[in-house]
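So the structure is just underneath, and the comments pick up after that.
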Amino acid sequence: MIARARRWLEGLGGEPTVILCGSSALLIVSHYQGSTGYMNELLGGRIGDHPARPALGYFWWFGSSIVIYGLMPLVLSVATRGSFHRKYGLGLGDWKAGLAITGVFLGLMLPLTFWASRWASFQGQYPLAGNAAYLLQLGGGKTEFSLKLFLLYELGYFLYFLAWEFLFRGWMLNGLLPAYGRAGAILAQMAPFAVMHLGKAELEALGSIVAGIALGLLALRTRSCWYGGLIHGVVAVWMDVLSAWPVLMKGGP
């Protein structure tokens, strides 16, 4: 009986299992304990009448994501004696190629997202926090535009994408590379990455399949996850700026 069970379980151990099961668990934990709503459940009335209270849940989301996506994979790898293959893409790698390719990507993506931001399906989706990303609640129904709040919000949003890229194109991609090879590792990290885009505009969600593969190739070419993080973060912040541009120019709604 034991011998038969061992045969059934053969090949299920090692770092690939830690990474695939671990990343799945981390994404689930993030969905629940890292959500914007969880902070309200956790703190409840302690938030009080803080003028930035509608945005605080998003700061919780950004901060918890940095821990869950950026720190916890390293904790799991240290605890399970992971391979740290190619240092999980944490170095700068081939920085000359990385910066050049990043420039090409952004040169294509920024005009494309500018064009896409005019579509009805994208309007009203960004910033994700809505006007809470730049409006302080003063009480009595009064609001005040805050550039500082908007900049802090976008900084947190940008750092969120760096952690996001490390999970998929750093830890998963490089950790699975020795066992699965280039194609297998790229596809293995692309699938959950695409699924995490459910709820976005359909074109954006479908585009995440192509983006997941392209960012995986970029990470392998440069031996670093940071260039993908830079691309992802800059495009995301750019979309927020485009959406909030009328308000930013007027200094208020």
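Just the heavy atoms: all of them, side chains too, but no hydrogens, waters or symmetry mates, feed the values below. Since the model is a prediction, treat every value here as computed from it, not as a measurement. Along the sequence shown, residues carry numbers from 1.
- F62 is not listed as a side-chain neighbour of L159, based on a closest heavy-atom distance of 4.5 Å or more.
- Between the side chain of T222 and the backbone N or O of D94 there is no donor-acceptor pair closer than 3.5 Å.
- Although no hydrogens or angles enter the test, the distance criterion places no donor-acceptor pair under 3.5 Å between the side chain of Y88 and the main chain of P73.
- At a threshold of 4.5 Å between non-hydrogen side-chain atoms, the residues L20 and Y180 count as touching.
- Using a distance-only test at 3.5 Å, with no hydrogens or angles considered, no donor-acceptor pair links the side chain of Q33 to the main chain of S30.
- Side chains of Y227 and L215 form no contact here, defined as non-hydrogen atoms less than 4.5 Å apart.
- Classified by interplanar angle (parallel below 30°, tilted 30° to 60°, perpendicular above 60°), the ring pair F59/Y153 is perpendicular.
- Distance OG/S24 to CD1/I19: 11.5 Å, rounded to 0.5 Å.
- The aromatic rings of W164 and H232 sit perpendicular to each other, their planes meeting at more than 60°, with 30° as the lower class boundary.
- Looking only at side-chain heavy atoms (C-beta outward), F145 and N131 stay at 4.5 Å or farther from each other.
- A distance-only check finds a donor-acceptor pair linking the side chain of S35 to the backbone of Y32 [under 3.5 Å].
- Within the cation-pi definition used here (under 6.0 Å to the ring centroid, within 45° of the axis), R169 qualifies as a partner of F193.
- Not a single donor-acceptor pair under 3.5 Å links the side chain of Y58 to the backbone N or O of A133.
- Within the 4.5 Å cutoff, the side chain of F168 has no heavy atoms near those of the C225 side chain.
- With contacts defined as side-chain heavy-atom distances shorter than 4.5 Å, the pair L110/V235 qualifies.
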